[in-house]
Amino acid sequence: MDLEEYRRQAREWLEANAPRTAEDTGGGNPGADGVAAAKAFMAKLYDAGYSGITWPKEWGGQGLTQAEERAFAAEAAAYTLPTYVFSIGLGMCGPTLVDLGTDSQRRRFIRPLLRGEEIWCQLFSEPAAGSDVAALQTRAVETDGGWVVDGQKVWTSVAQHADRGLLLARTDADVPKHKGLTMFIVDMRAPGVTVRPLRDMTGRAHFNEIFFDGVHIPAENVVGRVGDGWNCAVTTLLHERLSIAGGVGMGGRKDDPAAFEALRRTADTTDPVVRDRLVELHIRSRALALFNQRLAQETRAGLFPGARGSAAKLLLAELTVFQADLATSLAGPEAVSWDEDDDAGGRLAHALSLAPAMALGGGTNEIMRNIVGERVLNLPPEPRTDKNVPFKDLRTSGEDAR
Amino acid sequence: MDLEEYRRQAREWLEANAPRTAEDTGGGNPGADGVAAAKAFMAKLYDAGYSGITWPKEWGGQGLTQAEERAFAAEAAAYTLPTYVFSIGLGMCGPTLVDLGTDSQRRRFIRPLLRGEEIWCQLFSEPAAGSDVAALQTRAVETDGGWVVDGQKVWTSVAQHADRGLLLARTDADVPKHKGLTMFIVDMRAPGVTVRPLRDMTGRAHFNEIFFDGVHIPAENVVGRVGDGWNCAVTTLLHERLSIAGGVGMGGRKDDPAAFEALRRTADTTDPVVRDRLVELHIRSRALALFNQRLAQETRAGLFPGARGSAAKLLLAELTVFQADLATSLAGPEAVSWDEDDDAGGRLAHALSLAPAMALGGGTNEIMRNIVGERVLNLPPEPRTDKNVPFKDLRTSGEDAR
Amino acid sequence: MRLVLTPEQRELRETVRSFLASASPPPAVRRAAESERGYDPAVHRRMAGELGLTGLIVPEEHGGSGAGYGELAVVLEETGAALLPGPFLATTLAAILLTETGEKDLLAGIAAGTTVATVVLDGNRALCGAEADVVLSIGGDGGDRVLARTGGDRRPLRTLDPTRRQALVEPGGEVVAASAEGVARARDLFAVAVAAEQLGVLRASLEAIVAYSKVRVAFNRLIGSYQGVKHKLADMHCTLEQAESIVRYAAWAADEAPDELPGAAALAQAYLGRACFEVASGSLLLHGGIGFTWEHDAHLYYKRAKADEVLLGPPRAHRARLADLLEL
Amino acid sequence: MRLVLTPEQRELRETVRSFLASASPPPAVRRAAESERGYDPAVHRRMAGELGLTGLIVPEEHGGSGAGYGELAVVLEETGAALLPGPFLATTLAAILLTETGEKDLLAGIAAGTTVATVVLDGNRALCGAEADVVLSIGGDGGDRVLARTGGDRRPLRTLDPTRRQALVEPGGEVVAASAEGVARARDLFAVAVAAEQLGVLRASLEAIVAYSKVRVAFNRLIGSYQGVKHKLADMHCTLEQAESIVRYAAWAADEAPDELPGAAALAQAYLGRACFEVASGSLLLHGGIGFTWEHDAHLYYKRAKADEVLLGPPRAHRARLADLLEL
């Protein structure tokens, strides 16, 4: 089938099947109904051949090329498909299993993942291992026919709906920190797994904390080799970056009440000083949007942006805080207190509360600057003291003891 | 004599003897005539008992207290005394000799220094040892009855007029860098000393480079102990800080064409955006001026600001660049090109060219931030790799070989 | 000009600081903020009665301590640093307005700690407008009348800042025919008072991240040892030094130099508003992920900083006023 | 919209870059700047004649190459990065003005490389005003007449930037009765051209400090390994990425999207002016003491950056224009 035809069929299928409004499914935290609807849609999507377009046929994918995937994505861009709860599985966990899983793992997990039957989450970050993921403390101890896991993970999206998790845990504390990690597939419904919503500064719970208390994992659920977990995680994170880079291009949300287009409507532009601040916001917004477009053009031309994507992420993080701060400053008192009956009330306050998320998720601004400095500009690295020391001899935060 | 009487006499003496206009003597680079006039004034000042007021009587000082010194300074504030060429000797070299010199050194050098007969300069910085002074490479090798010095110093004020220099040189490269240094008194007229004016980015030469080519220094000119030069230098630098802190309080030059008071006269304040930029400059200028005043009040109350002075220095460095940048941006094309007959022409351009000096002299902004971070906020230090390694095994900049 | 604290002011600071540390530590702040009233009336009563702080700047003849703005600034810096919920600032603003306009009856209740009051600052909004016994506002054609109302309709608002509430209120009847000068001076003093609170918020949020950077480890090093963190904290410290200098100056001007007060007050708001939010925001971001959680206090400082920045109107209003005063 | 270079543009870049590296390396720039004329006429002649760069955007029928602004931006980025002294930019601006207003005779000489020309940009100031054969200016009541003068009084000015001169010149007689649209478009194209030069200045001053931070040692470590340096350089790189994106966009608008040109041109000047000076200034400061010396090139970038920032008027003019275009 030629590409035009493929695209035409995709268009038709979407027209017939894609939900026009995806109220509770496109956003951050669908309820149980939303998840059920999303799963139903995903099954239809899979059965029509549009889930896992480039994934190997052997494990349940369609075995097609990037060209078909781009064609479908171009058509799907007109919709807000309810795929949010599957995004971690599709973007990170699944591809990791395709790359590193055993055949029986691939057989067992990939098709249900693509068909939306099983939702996945990713379990790397910990309270004391944020920027420094390899410092994680959750431990897995070998036991009869498997492993027993104890510890805590945090910042886990969609965990409250997840059936499976891709877990990174420490299996050896006597070797340097990058060498004593192992990756596992964990059943999120297993006894000893507790998922607790993590209320963030917006007052909502976009993420979860996960507690593992003597959770048993069968031996066949080790991904890759025991002790090779860091390299496995690097693969996962690479897929994460690819899926972000291949996505919409991080341009910020169009409906952000603190963005230029919103402020030009709401701000008092009869004041020349206000006009000048809006011009500043326009300049910064356009500068970043054009940079993102340039990266996207380069990517389409086969030039993977690599660490330069971290520059875009850093700029977006800074712009997000800048514009929320500016918008609230321009609005004055009404930005910070509002009548509960006022539909527009509180939108700027929420934007301000949400603004730090962009800087704190996916690597802090400092980590981004290190990446840009070291991998784009090739600046010399910081002297490292943690590479050749057994994990158990490393410092930990505060009075934490292990 | 009570303090009031002392002050009255000082006032009378100054009225009778201080030059009202000090055209070529108060500034950065007096010519030969200016230096001669300055020396003549200094001799009168000394003979009247107003040079070295707090210095020990034994070595030529007046042996009085801080109270008399402050009284004289208060009266002298009305004048611009032509003491610039003596400032390094009076502020740094002399006090170091008082603290660390041998009696014969004190007898030989201090009175001529106080009387302005001998001008001193300080020879610590080198091209490859700026922020990291202890990395200096100028070496002194022991020889018959003394030492032979080879190397290069830089950023040396008043060296072109100097008779003596306080030199820091490496006498042992086999020990860690802080331990192989020795301080010397060097005769700036000795064979092998070459003073070359260093043209800076303003196009003028405020500083000098000094080349030592087999310069002989007699053994009795070692200051302190051989190998103890770093501690001696710390003493010198402490006196430098005290003399700056005791000075006018770093408020920036009043006649700066880029300062708020000048800009309010020259900028187009009918434009509200320009007004807003001037308000910003006013805010920053006032904020720093008030901080300096607060530090001065604390100092008068006996609370030495210590490393907090580095915060003031950092802020001044940033304000200086900010205001020169702002002033030229507001002025537009005429800031960067002007008729040579226009007396006011080029003033902003010169301010812009001079602006970085404040950030680069006396420690870069990064060094200031380290000081504030580590000594005011008590943050943990950077891991150091240069403390216990023989100097000869340390890295040097670029391809420099030793 | 006096920019350093007197020994008595330092003592006052210690008193208030240790009172708040025991009566309103962070967990108590959260409990109070989430309670029905939004604050702990017992803490407010003790601040007002036992410590005499609501009458601090009220003249002795009206039942206050007749202290100065140097003292008030010290107190508000501490209540800001502690993120004290409740009507202490609101009542203080009311005391300022009444003192400057020569009202006596309401003042006595405020100084005695028996009246919780507030002032309408913008439109019909008032801090703690639902909780106050008396709502003052400035009215009249020349903006020189002080109106007061007890009761009346109070419509609680939702707020960004969980630690201090606001409400829509209705203006009351005239209680004082003040002079325009008196009202103008009161507004300048509001600016000084809020700036003092902002100084406290700024200081506390800087202290929090400085402390955290001495215990948090990443890559086997305390994060405070990285220049990426250290240099930002150094810059924040520079901001704090300047902020404190400005607040001391503004308080001194309020006490000793009425001619300088308008400029000092506008300067204080223009500088402190920005400075406080920038430090609170920088502090939150440098905390990393934990700073984004509801359980950590970083967001409370961040939100209070923003709420305070716009409390007396959009920040550009202070800058425009400064431009006018500078005759630009 | 095309934001990446074509293979041909990359080739052009290499050609110009290697030409300048051999014909006008930094020591030659200094010699030329200090020479009587202020530039090396041989270099200019080769750029104009041998490489055909002064006629790059001149239509083929008038003796030029008929290339686009995408190509011109590539060339100006390189002349900016090399701090090329002399009238290349001035002559290019003249070519733009004449091309947009339909003049032919002078254009032929410029395209052929035999005429050195300049344009009055502000009052009576012109880049290389003393050295140019022809001085163009925009006049007429509607600002829609192009005037030209050969000879006439030329009063050299002193300049901040040692690598490019300016002079006061006198307006000449009318050579073209242009349309107001043509002149307005020419002014937008000036903005794009100067922005391209600024991109080069920005890039080169960033490259200089990146290279230095890989060889300069302090406290036994390369300074680029300190986050205090590294993070600043990372921020400067972010600025460069955005600056380059904007210049490519503005050049594309000049070539392909006339409706977008005014906004793109104002955006380019508003962003590049600031960005270029900030990076050049940051680069100079991070060099430490050596950056303050006359012998080091850092100050040449710093001064060119400031001279370029105000070349087309004070920066606020571009921001005000952008506000108008955005209908704010």
Side-chain angles (χ1 to χ4, degrees), chain A residues 260-261 263-264 267 269-272 274-301 303 305 307-316 318-319 365-383, chain D residues 1-7 206-207 209-211 213-215 217 220-227 229-250 252 263-264 266-272 274-275 316 318-328:
Chain A
F260 174 77
E261 284 304 327
L263 293 193
R264 68 178 297 156
T269 52
T270 60
D271 181 339
V274 172
R275 273 165 56 105
D276 191 62
R277 300 315 296 152
L278 291 189
V279 168
E280 180 65 25
L281 176 58
H282 169 79
I283 292 168
R284 290 179 65 158
S285 307
R286 286 292 285 154
L288 176 54
L290 288 165
F291 174 33
N292 277 321
Q293 282 178 275
R294 188 161 62 96
L295 284 181
Q297 290 185 10
E298 291 182 16
T299 307
R300 279 201 294 278
L303 216 69
R308 288 167 63 216
S310 298
K313 196 274 187 188
L314 170 60
L315 287 163
L316 179 61
E318 293 194 317
L319 178 60
N365 292 352
E366 284 66 42
I367 294 292
M368 292 301 115
R369 290 191 180 96
N370 278 342
I371 292 174
V372 172
E374 295 178 15
R375 298 199 217 150
V376 181
L377 300 177
N378 294 311
L379 295 170
E382 199 88 19
Chain D
M1 188 191 315
R2 183 175 182 90
L3 301 173
V4 293
L5 297 184
T6 63
L206 175 56
E207 283 172 357
I209 184 61
V210 167
S213 73
K214 292 175 185 175
V215 296
V217 171
N220 206 35
R221 277 170 60 182
L222 293 171
I223 63 170
S225 72
Y226 291 101
Q227 291 187 350
V229 174
K230 183 181 291 172
H231 288 190
K232 284 215 175 86
L233 297 185
D235 284 337
M236 291 185 203
H237 176 77
C238 289
T239 301
L240 171 63
E241 293 275 22
Q242 297 193 136
E244 178 168 351
S245 306
I246 287 174
V247 168
R248 300 274 167 261
Y249 165 62
W252 169 83
L267 173 68
Q269 274 306 299
Y271 188 87
L272 267 291
R274 262 311 55 205
R316 65 184 175 281
H318 307 295
R319 294 168 69 95
R321 175 119 203 273
L322 201 44
D324 289 341
L325 292 167
L326 291 166
E327 296 175 8
L328 286 178

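Note that the structure is a prediction, hence the values are computed from the model and not measured. By convention in this document, chain letters (A, B, ...) are assigned in the order of the sequence lines, proteins followed by strands, and residues within each chain are numbered from 1.
Among the candidates Glu298(A), Arg284(A), Glu280(A), the residue making the largest number of heavy-atom pairs closer than 4.5 Å to chain D is Glu280(A). Interface remark: of the candidates Val376(A), Ile371(A), Asn370(A), Asn370(A) forms the most heavy-atom pairs closer than 4.5 Å to chain D. Considering only heavy-atom pairs separated by less than 4.5 Å from chain D, the leading option among Thr269(A), Val372(A), Leu379(A) is Leu379(A).
Arg286(A) and Tyr249(D) share a donor-acceptor pair across their side chains, judged by distance under 3.5 Å alone.
Only the side chain of Leu267(D) comes within less than 4.5 Å of a heavy atom of chain A; its backbone N, CA, C and O stay farther away. With a 4.5 angstrom heavy-atom cutoff, Asp324(D) touches chain A via backbone and side-chain atoms both. Contacts between His231(D) and chain A at a heavy-atom distance below 4.5 Å involve backbone atoms as well as side-chain atoms. Contacts of Asn365(A) with chain D are absent, with no heavy-atom separation under 4.5 Å from either backbone or side chain. Both the backbone and the side chain of Val279(A) come within contact range of chain D, each with at least one heavy atom under 4.5 Å from a heavy atom of that chain. With a threshold of 4.5 angstrom between heavy atoms, Ala275(D) does not approach chain A through any atom at all. Heavy atoms closer than 4.5 Å to chain D are found in the side chain of Leu315(A), but not in its backbone. Using a 4.5 Å cut-off between heavy atoms, Leu314(A) contacts chain D through its side chain alone, with no backbone atom that close.
Here the CD-CG distance, from Gln242(D) to Leu290(A), works out to 9.0 Å after rounding to the nearest 0.5 Å.
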Review point. Do Arg369(A) and Glu318(A) pass the salt bridge (charged side-chain N to carboxylate O under 4.0 Å, His left out) test, and can you show the C-alpha distance, the side-chain angles, and the key distance before you say yes or no?
Key: CA-CA 12 Å; Arg369(A) 290 191 180 96; Glu318(A) 293 194 317; 2.7 Å; yes
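Between the side chain of Gln297(A) and the main chain of Leu3(D), a donor-acceptor pair closer than 3.5 Å is present. Arg2(D) places a side-chain N or O within donor-acceptor distance of the main-chain N or O of Val4(D), the cut-off being under 3.5 Å. Not a single donor-acceptor pair under 3.5 Å links the side chain of Arg294(A) to the backbone N or O of Glu244(D).
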